[in-house]
Visitor: 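One structure coming up, written as structure tokens, with questions to follow.
Bear in mind the structure is a predicted one, so any value in this text is a computation, not a measurement. Just so we're on the same page: letters track the sequence lines, and every chain starts at 1.
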There are 2 protein chains.
Amino acid sequence: MKSSLVFAHNFPKAKDIGDEVLVIYDQILAKRSKDFQKWIQSFPLSYPVSAGEELKSVAAFPKHISSIVKICENASSRKLKVLAIGGGSVGDFAGFVASILKRGVGLVHMPSTWLAAIDSAHGGKTALNVGGAKNQIGTFYPAEKIFLVKKLLLAQPAVRSFEGFGELLKISIIQGGVLWKQLSQNREITHDVLWKHLKAAIEAKNRVVQKDPEEKSGHRHLLNLGHTVGHVFEADGQIPHGVAINYGLSFALQWSLEKKIMSQSVYNKMMSAAVMGYLLSPHRDQLISTSPSKIKKYRSLLLSDKKKTQTETVRFIFVKAPGQCVIQEVGVDDILNEMCRQAEEEDIDG
Amino acid sequence: MKSSLVFAHNFPKAKDIGDEVLVIYDQILAKRSKDFQKWIQSFPLSYPVSAGEELKSVAAFPKHISSIVKICENASSRKLKVLAIGGGSVGDFAGFVASILKRGVGLVHMPSTWLAAIDSAHGGKTALNVGGAKNQIGTFYPAEKIFLVKKLLLAQPAVRSFEGFGELLKISIIQGGVLWKQLSQNREITHDVLWKHLKAAIEAKNRVVQKDPEEKSGHRHLLNLGHTVGHVFEADGQIPHGVAINYGLSFALQWSLEKKIMSQSVYNKMMSAAVMGYLLSPHRDQLISTSPSKIKKYRSLLLSDKKKTQTETVRFIFVKAPGQCVIQEVGVDDILNEMCRQAEEEDIDG
């Protein structure tokens, strides 16, 4: 199923979403904006939540779903729609709820963060965490409709644009062509730059997803570009997902050059693009440590992140050029060696 | 998706099910049979459960799914299959687990009760209960394959055949034709009679489901024949589902005659069929009480069972003749009046 996209400056009317709508929303949005608070009151059924990984914990799920079933007691299972407003965790949670409530009701997303607007609201993945392990249960359940509301997205703190940039850069390297060319010319990534490229970025992601909606052929794995080592940075350094993906992308590009998958001339051309200065500007020096205890930690993070196979290998996404990615099975030790190599190179450069 | 059916006398080999199989099974089966116990040990991953509605409680779900995620820690998400062995509650639970574990793994059913073999293992419904309310969450997730193992089904206590008969009679009245003709000639329903009609009964159910797999057009509602009042008997009288459906069917046939949807001659012909003596032989006298407090209870059970609408009406399935059902919107009070009428008639007859 393809989700339909609606780009708007302002919030839609409640009845334009549906006759019976349950809004599951990040409560911080109501605290942040009176406009939002007023608008949300136009929905008779609503369930505010605290965003974050705790929301996705299966341990908390019975309490949430009991409240939600009670709120929707008189709703018709055929007419009911869930409207999810928030970032990735709220979308994952609310999407999962919609996919199982009364064996599946309508789902509409309205992302409030760049990460969700560019990436997680699209492609139909929903998820909960089980114990400490992320996204162990979930469904493929694409939204019927996704509202991209400029007013909501631009209400984010300005610093969030660097987080959103990670997934935008990733998808434009996967897609190549016009998207990469236009994005790479920006010297700085602002809310306005993100908004300008949003539609093309979503369409690029959807193009990948449509070829492999339920991760069966492996094509969708392309979207993992920058994520293998990005997730290690995220977990080890306690940094936001989007920022970690930025560093993960930079790692993948350097390794692609080192392995001669990318030529030196393509690498130089990519690195000289205006946007790359923005990507690499924050300090990355302290991100990788080569101490034995850290390497051990990286190893266990890499192993827990990969789709389980009997071997200690990972499908890593390399880049030959914008628009040309290459999936290769690599050993976990190869990744660790490359992390050390890049850390040492950084030391010499720095 | 259509599930493929495998009829077999004995248990299949573990590796014929799949490379990586998690068996979720009713532990009573291992206690009941050494053969089963030995066979189940050929699966490296297994999770025994206690059958019943408590298994389907969402409150217990985090504990179950945490154990299951741990058991499957090293399994590949692409190869893993859940094999569900048990009756309705085990199938609903294990089917739900399969539909959300790693965003959906393979599902194979092996029903161990007639109710599951004839009805609940087919059609793809999975469910959990939320608080006291049954099947509030779930998925449509048809099994890839369903094994009907004669040895397993015939190991049930003989008394269970009356329970299985309810859904078999229901589907043969819906289907009409050869299925109804052949079934109706049996003077007694034994395990062998159920086994003999199993394939045709499943095919008849699948024919209805294929036209409306996710309950959107309303056609699938036909399968509710006998269930509206059957569920009242089940909840009020604490009788097994299959037995309650038998009485619910008898109620629906009598009401169809009373409303002249069924002609007296069709009614007489149906009632004179050999099998009907079996249907009506157990006492039904004390099933319906006309005391005001009971009527109040019936009313609240009828209202909680129906798909919520603003009105106090229910879509009731009447029978014109075998193979010809009629869906009509009736008031809850109409049902209560008819219950009283039938109870009084029973009194006069008895």
Visitor: Quick check for you: to the nearest 0.5 Å, what is the distance between B:K70 atom NZ and A:Q136 atom CD?
Guide: 12.0 Å

Visitor: List for me each residue that meets salt bridge (Lys or Arg N to Asp or Glu O under 4.0 Å) alongside B:D236, sequence neighbours excluded, and say none if there are none.
Guide: B:K294, B:K297

Visitor: So which atom in B:R103 and which in A:T139 form the shortest heavy-atom distance, rounded to 0.1 Å?
Guide: CD-O, 3.6 Å

Visitor: Report the residues that fulfil salt bridge (Lys or Arg N to Asp or Glu O under 4.0 Å) with B:K216, sequence neighbours left out, ordered by chain and then residue number.
Guide: B:E214

Visitor: If you measure from CD on A:E215 to NZ on B:K102, what distance do you get to the nearest 0.5 Å?
Guide: 12.0 Å

Visitor: Looking at B:V130, B:N135, B:V97, which makes the most heavy-atom pairs under 4.5 Å with chain A?
Guide: B:V130

Visitor: Give me the contact list for residues 56-66 of chain A versus chain B, heavy atoms only, anything under 4.5 Å, ordered by residue number.
Guide: A:V58, A:A59, A:F61, A:P62, A:I65, A:S66

Visitor: At a heavy-atom separation under 4.5 Å, does B:Y141 approach chain A through its side chain, its backbone, both, or neither?
Guide: neither

Visitor: Counting only non-hydrogen atoms closer than 4.5 Å, can you tell me which residues of residues 81-92 of chain A sit against chain B?
Guide: none

